[in-house]
Amino acid sequence: MAREIYMRDPSDPRYRAEIIEVNDEAEMLVGQIKMLLYTNRGEVLGAPDFGANLEEYLFTFNVNEYALRKMLMDQTIKFIPLAEKYQVDYDVKFAKGTVRDICVIDVKILNQPVFGVAIN
């Protein structure tokens with residue numbers, strides 16, 4: 001049975017301090033997606049293509065929601081095998097901020113929103 005390090009942050013409402021590792025596929029999938037979203041390319045030794053580089057997309061003028069979603073789906077298919085079994089998808093939206101643009105990504109598993117990420 002596969003096991004992974006428990007990835008939930010103490011600010012997460014579902015955080016449990018007594019857990020160190022998980023073997024639940026759904027929990028592992030959420031951790032893998034978070035790792036993908038919060039990692040910049042080149043930060044993982046041996047996998048230079050791994051990572052979403054999300055902040056980079058706020059400063060790129062020729063990227064739209066569709067292009068960012070496609071990049072996230074490509075990364076997910078390439079690096080997270082569980083994503084196919086659980087039908088991972090992303091809902092991406094850009095908004096004009098007061099200082100700079102904001103990107104909101106809602107992560108859906110089995111067509112249900114699981115968590116969101118805001119980059120500003």
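- Contact annotation: the side chain of F79 approaches that of D49 to within less than 4.5 Å [non-hydrogen atoms, C-beta and beyond].
- Within the 4.5 Å cutoff, the side chain of R3 has no heavy atoms near those of the V22 side chain.
- Residues meeting the salt bridge (charged side-chain N to carboxylate O under 4.0 Å, His left out) test with K108, sequence neighbours left out: none.
- For M35, the side chain to side chain contact (heavy atoms under 4.5 Å, CB included) test picks out M7, T39, F50, with sequence neighbours left out.
- I109 and Y86 get closest at one heavy-atom pair: CG2-O, 3.4 Å.
- Residues forming a side chain to side chain donor-acceptor pair (under 3.5 Å) with K70 (at least two apart in sequence, or on another chain): D74.
- For E25, the salt bridge (charged side-chain N to carboxylate O under 4.0 Å, His left out) partners are K85, not counting sequence neighbours.
- Linking Ile, Leu, Val, Met, Phe, Trp and Tyr whenever their side-chain heavy atoms come within less than 4.5 Å leaves I33 and I77 in two separate clusters.
- In this structure, CD1 on I19 lies 9.5 Å from CG on D24, to the nearest 0.5 angstrom.
- Side-chain contact between I119 and I102 is absent, with no heavy atoms from C-beta onward closer than 4.5 Å.
- No donor-acceptor pair closer than 3.5 Å links the side chain of Q75 to the backbone N or O of L36.
- D89 contributes atom CG, which lies 9.5 Å from atom CD of Q87 (distance to the nearest 0.5 angstrom).
- Shortest non-hydrogen contact noted between F94 and E65 is N-OE2, 3.2 Å.
- Contact between D9 and S11 at its shortest, heavy atoms only, is OD2-OG, 2.5 Å.
- Atom NZ of residue K78 and atom CE of residue M73 lie 15.0 Å apart, to the nearest 0.5 angstrom.
- Note: E43 CD to Y38 OH = 14.0 Å, rounded to the nearest 0.5 Å.
- In this structure, E84 has no salt bridge (charged side-chain N to carboxylate O under 4.0 Å, His left out) partners at least two apart in sequence or on a different chain.
- Within the 4.5 Å cutoff, side-chain heavy atoms of L72 are placed close to those of I105.
- Looking at heavy atoms from C-beta onward, N53 lies out of side-chain contact with M71 at the 4.5 angstrom threshold.
- Between L68 and C103 there is a side-chain heavy-atom pair separated by less than 4.5 Å.
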Stepwise side-chain contact (heavy atoms from CB on, under 4.5 Å) check, V30 with V114: CA-CA 8 Å; V30 169; V114 178; 4.0 Å; yes

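- Listed by chain and residue number, nothing satisfies the salt bridge (charged side-chain N to carboxylate O under 4.0 Å, His left out) test with D106 (two or more places apart in sequence, or in another chain).
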R69 and D91: CA distance, side-chain angles, deciding distance, salt bridge (Lys or Arg N to Asp or Glu O under 4.0 Å) verdict: CA-CA 7 Å; R69 181 187 169 275; D91 186 21; over 6 Å; no

